[in-house]
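Have a look at the structure below before the remarks.
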Amino acid sequence: LVLYEGLGTPWAKEEALLLISVFVNSDCGGVSKRVFHKIFRYLSLSDGNWRLFLESLAEDASDLVCLSTVEFTALDNALDDAHQQQEDMATVMARREFNSPQVLQESKLLGVLKLMTILRSRSSAAAAAESEIIAEYLREIPTNDLWELLCACLEKVAAIEELDLEKESRRRGRARTLSFSSAATSTAAALADVSRPATASSATTTAANSKPISTLTMRFIPLIEFFLSAFSRTLITSPPAQTPAGRATGAESTSHGPLSGVTPSHGVELVRMNSNALPGSRFRQSSAFLSMQLEISEDSSASKLVKFAEKHHDLLNKVLRSNIHLLETTFSPLVNVTKLRALLHFDIKRAFFKSKLKRLRSSSTRMYGGSLKITVRRSHIFEDSFNNLRYKSADEMRRRLSVSFHNEEGVDAGGLTREWYNVLAREIFNANYALFLSTGDGVTFQPNPHSSVNTEHLFYFKFVGRVIGKAISDGFLLDAHFT
């Protein structure tokens, strides 16, 4: 099949569709799945083949959605019955509806969706147009009923989990009461403990947030992944192109100026701004930054997604704590869409940030190898460090730092690097460099408006910023406090 430039013959088309059927209906994984993906991507180099695969996969996904709808209807009824009978999670999981030995239909759905999105490389020149074509096929999949069932099931699961926590809290309360009352000297403490049920709701909420995700909830994670991944293709769009304001270059000026919403005062000349002169403009134009500035389309389905994320943000954060790398795949809308990113807990953002830094550091190590070695004199630590690092590229700066001090013996196992950061952090604020001024509190610092007396001040400011970024990347604390 790989030898065919197009599946124009009936035989070739039939064989290709049979291959898709085998992929969808078999429980393949690991090496087998990678082989399937490689074959489909080769064949999808032809536009005719690509559209044929998308059409066939969309039909298979529709069939799987119908099967999942039947399955989730049974789950919804079982959860409703369990909630009415106030069953605990162990009893619910013992029900027949939650003990299906076959592969879950929603897991197959997730596999089909992933295949539809990787048939063509995202780095191709026509990636935007191809994404819209994929979105058209995804919109044909009837998912509304399944979405409603998922939301209903999650609400009932949350109610069952809350009931379970309340029962556990009462059991622990009784155990503590018996423990305290058995000792004559702890009567007052026992009475205080008995009087605590008034704050049981807050204790239950705290316990719910601290507990790991339950086995019952895990049953619904594949379907949540499917919907988030599908929505990222059908409901999320790039923001309209905007020209950021920049700094004045002095090349152009006008008495009226281009700044919107600003009325020129008498005798004040407004200066035309250059978008490329603003610090950080190159970063804001990079694909990494733009990919995290996506917006949600204005329709009813998009509002459902936002409401779902707002209502179940604790659950989504729990899932991410167990696998932060989901933010780069199926859970990517939660980090790429500004409105949804606000729902992520700080520890999740921090873990994601560290994982990205670790990946960049590993890539730089493979590219350049070894560590970044510098030798400095203690008496000239600022100048020597500046001269050692000023021409290093970003990839070189990401490598592990190895510091040695001139005429001093020692192997840097982390201690010398920490000492280098500490000494350099103090030297940054040396008044002889005229870079920073102390504020009124004597603790924090701010840039010196007269730093231009130092002819190298702009290069020094850039160096200080790189050192701070390097410290954050390496996980070192700097004794540097800015306003």
Side-chain angles (χ1 to χ4, degrees), residues 246-250 274 276-284 350 353-354 356-358 360-361 364-365 368 370-483:
R247 277 183 181 167
T249 60
N274 180 2
N276 294 323
L278 187 67
S281 61
R282 185 174 62 177
F283 168 72
R284 286 190 294 275
R350 180 178 57 193
F353 176 68
K354 287 185 176 180
K356 298 288 282 186
L357 285 179
K358 184 178 180 180
L360 288 172
R361 194 157 49 243
S364 299
T365 302
Y368 293 95
S371 56
L372 177 60
K373 298 180 180 181
I374 63 171
T375 301
V376 296
R377 295 168 295 174
R378 284 187 181 274
S379 57
H380 298 79
I381 189 170
F382 188 88
E383 297 91 338
D384 288 354
S385 300
F386 173 74
N387 292 325
N388 272 279
L389 301 175
R390 68 178 300 183
Y391 296 116
K392 299 295 182 182
S393 66
D395 285 323
E396 289 179 291
M397 288 288 290
R398 292 191 190 103
R399 290 184 295 165
R400 188 182 71 84
L401 188 62
S402 178
V403 178
S404 61
F405 289 95
H406 185 64
N407 287 335
E408 295 184 20
E409 295 183 359
V411 177
D412 188 7
L416 292 178
T417 299
R418 187 179 297 106
E419 184 179 1
W420 176 79
Y421 274 120
N422 291 334
V423 177
L424 186 61
R426 291 193 296 270
E427 195 67 14
I428 284 172
F429 304 113
N430 190 327
N432 293 329
Y433 300 114
L435 298 178
F436 298 96
L437 289 176
S438 174
T439 58
D441 59 10
V443 178
T444 57
F445 292 82
Q446 62 187 14
N448 186 348
H450 304 294
S451 61
S452 57
V453 298
N454 186 337
T455 56
E456 298 283 323
H457 71 126
L458 294 180
F459 296 106
Y460 283 156
F461 276 126
K462 181 178 180 180
F463 167 69
V464 171
R466 299 186 85 189
V467 168
I468 294 173
K470 178 67 175 169
I472 294 173
S473 177
D474 293 348
F476 285 96
L477 291 177
L478 286 181
D479 187 17
H481 306 277
F482 298 96
T483 56

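Being a predicted model, the structure only gives us computed values, none of them experimental.
Side chains of E396 and Y391: a donor-acceptor N/O pair is absent below 3.5 angstrom, by distance only. A donor atom on one side chain and an acceptor atom on the other are not found under 3.5 Å apart for T483 and T444.
Residues L401 and K470 meet the side-chain proximity criterion, which asks for heavy atoms closer than 4.5 Å. Looking at V464 and F436, their side chains come closer than 4.5 Å, going by heavy atoms from C-beta outward. Side-chain contact between E456 and E383: absent, with no pair of heavy atoms (C-beta onward) separated by less than 4.5 Å. Between L389 and L372, the closest side-chain pair of non-hydrogen atoms falls below 4.5 Å. Under the 4.5 Å side-chain criterion, counting only non-hydrogen atoms from C-beta, P449 is in contact with L437. Two residues are said to be in side-chain contact when any heavy atoms from C-beta on lie closer than 4.5 Å; R400 and T365 fail this criterion. When side chains are defined from C-beta on, F463 does not count as touching R390, because their heavy atoms never get closer than 4.5 Å. For the pair F405/I381, a side-chain contact is recorded, criterion being any heavy-atom separation below 4.5 Å from C-beta on.
No donor-acceptor distance shorter than 3.5 angstrom exists from the side chain of R466 to the backbone of M397, with no hydrogens or angles considered. Under a 3.5 Å cut-off, the side chain of N454 and the backbone N or O of A434 do not form any donor-acceptor pair.
The side chain to side chain donor-acceptor pair (under 3.5 Å) test with S473 singles out one residue from K354, K358, R361, and that residue is R361. The only member of N387, N430, V423, L424 that meets side-chain contact (heavy atoms from CB on, under 4.5 Å) when paired with F382 is L424.
In this structure, D474 and Y421 approach most closely via the heavy-atom pair OD2-OH, 3.1 Å. Closest of all the heavy-atom pairs between A425 and L478 is CB-CD2, 4.0 Å. Pairing each heavy atom of Y368 with each of S393, the nearest pair is OH-OG, 3.6 Å.
Residue-environment remark: NE2 (H406) stays at or below the threshold of 12 foreign heavy atoms within 6.0 Å. Counting non-hydrogen atoms of other residues, nucleotides and ligands closer than 6.0 Å to CG of N422 gives a total above 12. A 6.0 Å sphere centred on CG of L360 holds more than 12 heavy atoms belonging to other residues, nucleotides or ligands.
Between the CD1 atom of I374 and the OG atom of S404 there is a distance of 8.0 Å, given to the nearest 0.5 Å. Atom CH2 in W420 sits 11.5 Å away from atom OG in S402 (nearest 0.5 Å). One distance of note links CG of N432 with CD of E427; it measures 8.0 Å at 0.5 Å rounding. In this structure, OG1 in T455 is found 10.0 Å from CG in L458, a value given to the nearest 0.5 Å. The distance from atom CZ of R399 to atom OG of S364, rounded to the nearest 0.5 Å, is 8.5 Å. How far CZ of F459 is from NZ of K462: 8.0 Å, rounded to the nearest 0.5 Å.
The aromatic rings of F482 and F429 are tilted relative to each other, their planes meeting at an angle between 30° and 60°.
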